[in-house]
Amino acid sequence: MAAAATAAEQGLRVALIDSGRQLGGQYFRHPAPGLNAPWIAHLHHGWSRFERLATRVETSHRIAVLFERQVWAIEPGFNVLTDRGPIAARNVILATGSYERVVPFPGWDLPGVFTAGGAQALLKGNLVLPGRRVVVAGTGPLLLPVAAGLSVAGANVLGLFEANRVRGYAKHPVPLLKNPAKFLEGVDFARQLLRARVPLRSGRMVVEAQGTDNLEAVVIAHSDGSNRRRIECDALAIGYGLAPQIDLGLTLGCENKLLSDGTVALRVDRSQRTSIRGCYAVGETAGIAGVECSLVEGEIAGLAVAGASPGGPLTPRRDRLRGFADVLRTQHPVPAAWRDHLTPDTLICRCEEVPARAVAEAVEDLGATDARTVKLLTRAGMGWCQGRVCGYAVACLARRDPAEPASAADLLAAAKRPLARPVRLSVLTELDQRNK
Amino acid sequence: MSVQFTFDGRPLTAESGQTVGAALLAAGVQSWRTTRFGGRPRGLFCGIGVCFDCLVTVNGEPNVRACLTPIADGDAVTTQAGDGRG
Ligand SMILES: Cc1cc2nc3c(=O)[nH]c(=O)nc-3n(C[C@H](O)[C@H](O)[C@H](O)COP(=O)(O)OP(=O)(O)OC[C@H]3O[C@@H](n4cnc5c(N)ncnc54)[C@H](O)[C@@H]3O)c2cc1C
Ligand code: FES
């Protein structure tokens, strides 16, 4: 939105393509008109900013907003292929956001287990709670607003369990002091939770979800499995951080970089340019950094694409926010111990229903040493989601020695897929006809 | 505004603007698909169209993502077994 509005104000014609049905992306997700609840105002910070931005987009006669269009690939030059036909463009700005990373644990396929962002999307977009008695767990800054949102909307949040110890922040005072507002936002959420008597615990993770056909309880423990505690609940919101959604950039051939948390992002220069001429990447696609940074980078790219120089406070602000994001990343790694809690029956790939046993066989008995071979031998990652859900886990499990981190090639393989979105065969045939 | 729909023939009510998945959850239904191999129940997981766990049959059309598709008045939603192609 920020990129589109800025570029249009610079005189360019812009097509803003979104697979959703409204402006706002993940952060500013809001219910359809007509849906309302008394606590709705508490779900969003900075709503007026969104309204100002939406006005800039909606009142511009240079922007065509195209909703409910999935871009499944971009050809060089650029031909943007959507499920409703191609769109030619001289430049493209990739702002495809992120998706949540979750690592497998026994019972994670039970209905009632949601990703943390999924629980938030359900609430923000539909005003529906994932359950009455909810546990929030995993790692990362997203857990705080999720727990606070659920609590304010009337769920009984039985606890927020952060897998990492949060003391490490003290080691990085500079980025924290340069971003007091971001830091205080977290403190504010924590205060809100304490007021609502939601227990906050760090150094604990969900090691098991229990139930027959629905979630009935989760087991929380230290990462070494000690201090097990069972909590009865009907929903679990879990997330181990976000991963950039960059398939469109990768198939175009944009250079990428591996970040300290094992996610892969597009490499950009100071003006948000990727290595492919005319292709820009902003926000989460250039590395997870939060909504604030996405907005600033959108402005920068919107100026750069029009040949204007992003002077003033924009670039220093971006650098400051990126610095903060880098600290967050180091503080919230996926705890390596997740592997220790798997049972042979735990599904690794939810789509193809591939259990941990099959992955272990591929690595230990059949000699697979990389994620691609594991995939070919077990079908893990070949289902509908194309490895978005299990890709990280498979990359880790392809290492026989649990102490070794996943290889860069395997993490990249997990991020790369030829089609960004599933496409109907008829669309592909049509394209084939045109190209003949 | 409320809309009327059915789930496996059972009449239910939702708010207009909600997704099929949200409407089902609000009505107390947590799962609406059984997996192809294990026959295991599934419902919403990622909530944003990424995981494809929430596939369901709507008005006879299988493999609809419940987390993205808005519910419409008169929709007949049915549990999807496997890939929904019978
Ligand atoms: C599920 C979820 C919930 C979140 N909740 C919160 C929260 O409550 N609080 C918080 O601080 N942060 C939250 N975050 C993080 C937050 O989303 C980001 O910080 C912020 O939204 C990033 O903005 P962005 O513009 O980079 O990406 P996004 O806001 O994610 O926007 C990306 C847009 O691109 C569209 N898109 C992606 N791929 C395609 C395609 N192939 N074709 C067409 N359109 C496409 C998507 O529909 C989306 O509208 C959440 C993230 C996720 C994944
Ligand atoms: S819940 Fe993941 S795609 Fe619908």
Side-chain angles (χ1 to χ4, degrees), chain A residues 19-21 26 29 31-36 68 70 97-100 102 108-131 211-215 234-235 237-239 245 345 347 350-355 383-386 388-390 421-422, chain B residues 1-3 5 7 12-56 61-73 79-85:
Chain A
S19 53
R21 279 175 281 136
Q26 298 300 349
R29 183 186 286 275
L35 275 176
N36 214 336
E68 294 185 81
Q70 319 238 1
S98 55
Y99 57 91
E100 205 153 9
V102 182
W108 74 309
D109 53 324
L110 283 169
V113 177
F114 299 84
T115 66
Q120 183 80 325
L122 190 65
L123 185 60
K124 279 185 173 176
N126 298 277
L127 309 183
V128 169
L129 289 169
T212 343
D213 286 333
N214 289 113
L215 179 70
D234 50 23
I238 189 156
Q245 174 108 33
D345 292 330
L347 290 188
R350 302 166 66 102
C351 301
E352 295 294 313
E353 298 169 71
V354 181
W384 276 98
C385 86
Q386 299 182 71
R388 283 187 180 84
V389 179
C390 68
R421 296 285 165 107
Chain B
M1 216 180 59
S2 58
V3 296
F5 70 105
F7 176 62
L12 296 172
T13 307
E15 293 300 317
S16 149
Q18 287 177 334
T19 62
V20 172
L24 286 169
L25 262 184
V29 182
Q30 264 190 331
S31 59
W32 44 82
R33 176 170 80 96
T34 51
T35 59
R36 287 173 296 160
F37 308 117
R40 297 291 300 152
R42 293 280 171 90
L44 289 184
F45 178 59
C46 78
I48 59 165
V50 168
C51 74
F52 294 82
D53 252 357
C54 65
L55 297 180
V56 70
E61 189 187 338
N63 299 325
V64 170
R65 275 178 286 179
C67 67
L68 296 183
T69 312
I71 190 92
D73 202 40
T79 294
Q80 175 167 334
D83 59 11
R85 302 194 196 276

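Convention: sequence-line order gives letters A, B, ...; per-chain numbering from 1.
Most heavy-atom pairs under 4.5 Å with chain B, from the set A/Gly118, A/Gly239, A/Gly383: that is A/Gly118. When the candidates B/Ala14, B/Gly28, B/Pro70 are compared by the number of heavy-atom contacts under 4.5 Å with chain A, B/Pro70 comes out ahead.
Closest of all the heavy-atom pairs between A/Pro111 and B/Ser31 is CG-CB, 3.6 Å. Summarising the geometry of A/Asp234 relative to B/Gln30, their closest heavy-atom pair is O-NE2, 3.1 Å, with the distance given to 0.1 Å. Here the shortest heavy-atom pairing between B/Gln18 and A/Leu35 reads CG-CD1, 3.9 Å.
Only the side chain of A/Val389 comes within less than 4.5 Å of a heavy atom of chain B; its backbone N, CA, C and O stay farther away. In this structure, no portion of A/Gln120 lies under 4.5 Å from any heavy atom of chain B. With a 4.5 Å cut-off on non-hydrogen atoms, A/Leu110 touches chain B through its side chain but not through its backbone. In this structure, chain A has heavy atoms under 4.5 Å from both the backbone and the side chain of B/Arg42. With a 4.5 angstrom heavy-atom cutoff, B/Thr35 touches chain A via backbone and side-chain atoms both.
Counting only distance, with no hydrogens or angles, the side chain of A/Glu353 and the backbone of B/Arg40 share no donor-acceptor pair below 3.5 Å.
Side-chain contact between A/Arg350 and B/Cys51: absent, with no pair of heavy atoms (C-beta onward) separated by less than 4.5 Å.
Classification of the A/Trp384-B/Phe52 ring pair by plane angle, with boundaries at 30° and 60°, yields parallel.
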Would you tabulate the side-chain donor-acceptor contacts of residues 121-129 of chain A under 3.5 Å, counting partners in other chains and residues two or more places apart, or write 'none'?
| residue | atom | partner | partner atom | Å |
| --- | --- | --- | --- | --- |
| A/Lys124 | NZ | A/Tyr27 | O | 2.7 |
| A/Asn126 | OD1 | B/Thr19 | N | 2.9 |

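Shown here are the side chain to side chain contact (heavy atoms under 4.5 Å, CB included) partners of B/Ser2, two or more places apart in sequence or in another chain: B/Gln4, B/Thr13, B/Glu15.
The CD1 atom of B/Ile48 lies 9.5 Å from the OG atom of A/Ser19; values are rounded to the nearest 0.5 Å.
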